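Heads up, the thing below is written out as C-alpha cells.
Bear in mind that the values here come from a model prediction, so they are computed numbers and not experimental data.
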Amino acid sequence: MGCFFSKRRKAEKESQPEGEEERPKQYSWDQREKVDPKDYMFNGLKGETVGRLPGKVAGQQFLIQDCENCNIYIFDHSATVTIDDCTNCIIFLGPVKGSVFFRNCSDCKCALACQQFRVRDCRKLEVFLCCATQPIIESSTNIKFGCFQWYYPELAFQFKDAGLSIFNNTWSNIHDFTSVSGELNWSLLPEDTVVQDHVPLPSTEELKAVRVSTEANRSIVPVSRGQRQKSSDESCLVVLFAGDYTIANARKLIDEMVGKGFFLVQTKEVSMKAEDAQRVFRDKAPDFLPLVNKGSVIALEFNGDGAVEGCQIIVNEIFNGTKMFVSENKETASADVDSFYNFADIQMGI
C-alpha cells in the first residue's frame, strides 16, 4: 500500500518548473553568523594601543600573541584567553568564562577576571586578579598579585554572562607547581598599590569612550586583603541569604565596615545544604534552614579590633529586619569563619 506523504512529495516534485533545481534545506547552524578568528586575535603588534569595546567579543575565544610594548584592553566577556610570547605589555581582560593562560611572557602588567588562571614559563608579571579557583604558576619567577579593582558600566552584566560571581575571588591563594624550598616565585603587591599606576586607563578616543574607574569603592569586585597578614586577632563572619537585594546589601555592608576602619578579608558565594547549615550555624541552624533553600548565600569576613561588635551595630541599625547570620561574640567568631570557609573551599574544589 502506498504512503500518502510519498505521493504528495512526488506530486510536488513533478509540479516543479522544468530547469529549476530544488532548493537545499536550511538548518539553524547554516544560518549562524560565520566567525573570523582574526577578529578575536592580536598578533605581532608593536607599540600599539588596541582593544575591543563591550559587545564586540561576546563570549568568543581570544588569542594575544607575539606583542611587544602594547596596551591591550578587552572590554567584554570571553570564553577563554591565551597570551603567548608577549613582552612589556599592559593587558586588561573583561570576565573570562574559562581559563586565562600566560605562556612565555615577561614584563607585563595585567588586570583580569576569570574562572581559572595559569602562568607557565613567565617572568616579571604583575597581575590584578579575580579568579574563582586557585591561581597556578609553573616554571615562572617574580610574579606579583593584587586584587582586581575595576569598574565600567557593562562589567557587572559581563560577569553574569561569563557565569562568574564577583564574590568568589581567590586572587591571593597561589599554588606554585614548581616551587623550590627556600625560594618564592611569587608575592603579593603592597596593599596601598595604586592600580592605575600599573594598568593605566586607555588613551585612544575609541577606548576612552568606555567609562572606566579604578577606585576601590567603585570596583565591581569587592577589594579584599586575601592572604595578607591580618591586622587583628578578631574576625567576624556575616552570611547573607538569597533575596532581591542580597548583592546590594552585601556591598552596602562592606562600604559601612570599611568606612569604619575594618578590613574585608575574603568573600564567598556558595550553595549550602541542610547539613552544611547545621555545621556552620550550629544552634541557630533551625532559623536559617528555610533561607538556605532559597539559593546561594554570600559570606563576608571582616577583620579588626572590635569587628564583631561593630558589625552587629551596623546590621542592627541599617539592615534591621533583614535576616543575616552574624558572629555572636569574638570568642566564637574565628571558629565561625573557619567553619564556613573550610566548607566553602571544599565545595569549590580549592
Side-chain heavy atoms under 4.5 angstrom apart, residues restricted to Ile, Leu, Val, Met, Phe, Trp, Tyr: same cluster for [X] and [Y]?
X	Y	answer
I143	V81	yes
V223	Y151	no
L289	F325	no
V195	I72	no
L237	M272	yes

> Does the salt bridge (Lys or Arg N to Asp or Glu O under 4.0 Å) test come out yes or no for D107 and R123, once each step is laid out?
Replying inline: CA-CA 7 Å; D107 296 283; R123 63 178 181 84; 3.6 Å; yes
Nearest 0.5 Å, please: how far is [atom2] in [Y] from [atom1] in [X]?
X	Y	atom1	atom2	result
H198	C108	NE2	SG	14.5 Å
K144	N185	NZ	CG	13.0 Å
Q158	L164	CD	CG	11.0 Å
S140	K124	OG	NZ	15.0 Å
M41	Q61	CE	CD	10.5 Å
D66	L45	CG	CG	9.5 Å

What closest approach, in Å, do [X] and [Y] show between heavy atoms, and which atom pair accounts for it?
X	Y	value
L155	W150	CD2-O, 3.7 Å
V96	A162	C-CB, 4.3 Å
M324	V238	SD-CG1, 4.2 Å
F102	C110	CZ-SG, 3.5 Å
A79	G59	CB-O, 3.2 Å
C130	F159	SG-CE2, 4.2 Å

Does [X] use its side chain to pair, donor to acceptor, with the backbone of [Y] at less than 3.5 Å?
X	Y	value
T246	F241	yes
Q312	S327	yes
T170	T133	yes
N69	K46	no
T193	P190	yes
Q116	G98	no
D255	V258	no
T178	S139	yes

Ion pair present between [X] and [Y], side-chain N to carboxylate O less than 4.0 angstrom?
X	Y	result
K268	D345	yes
D84	R103	yes
K252	E256	yes
E138	R120	no
R218	E215	no
K330	D233	no
K230	E301	yes
D39	K56	no

> When you look at I64 and C86, which way does the side-chain contact (heavy atoms from CB on, under 4.5 Å) test go after all the steps?
Replying inline: CA-CA 8 Å; I64 302 170; C86 290; 3.8 Å; yes
Heavy-atom check, side chain of [X] versus side chain of [Y], under 4.5 Å:
X	Y	answer
F167	P222	yes
C114	L129	yes
R118	S99	no
V57	I74	yes
I91	K109	no
F145	I174	yes
F92	N71	no
V308	E234	yes

>> Between H175 and Q134, does the side chain to side chain donor-acceptor pair (under 3.5 Å) criterion hold? Intermediate values first, please.
In response: CA-CA 7 Å; H175 178 70; Q134 188 174 27; 4.7 Å; no
>> Please determine whether the number of non-hydrogen atoms from other residues, nucleotides or ligands lying under 6.0 Å from atom CD of E48 exceeds 12.
In response: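 Atom CD in E48 is crowded, with more than 12 foreign heavy atoms closer than 6.0 Å.
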>> For the aromatic rings, using the six-membered ring if either is Trp, is the centroid distance between F263 and F302 under 6.0 Å?
In response: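 No: the rings miss the under 6.0 Å criterion.
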In terms of side-chain heavy atoms, does [X] have a donor or acceptor partner in [Y] at a distance below 3.5 Å?
X	Y	answer
N43	Q65	yes
S172	Q227	no
N303	S235	yes
D336	S339	no
S224	W171	yes

>> Taking ring-ring contact (aromatic ring centres under 6.0 Å, His included) as the criterion, tell me which of Y73, F75, F101, F42 meets it with F62.
In response: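 Only one option passes, and that is F42.
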>> If you apply the rule side-chain contact (heavy atoms from CB on, under 4.5 Å), what do you find for L93 with I83, and how did you get there?
In response: CA-CA 11 Å; L93 303 177; I83 302 100; 4.2 Å; yes
> What's the verdict on side-chain contact (heavy atoms from CB on, under 4.5 Å) for I314 and K260, showing C-alpha distance, side-chain angles and the deciding distance?
Replying inline: CA-CA 10 Å; I314 290 172; K260 294 192 180 312; 3.8 Å; yes
>> One pair to check against side-chain contact (heavy atoms from CB on, under 4.5 Å): L240 and F319. What are the steps and the verdict?
In response: CA-CA 11 Å; L240 299 89; F319 302 97; 6.0 Å; no
> Hey, mind stepping through D287 and K284 against salt bridge (Lys or Arg N to Asp or Glu O under 4.0 Å) and telling me if it holds?
Replying inline: CA-CA 6 Å; D287 295 338; K284 285 194 171 185; over 6 Å; no
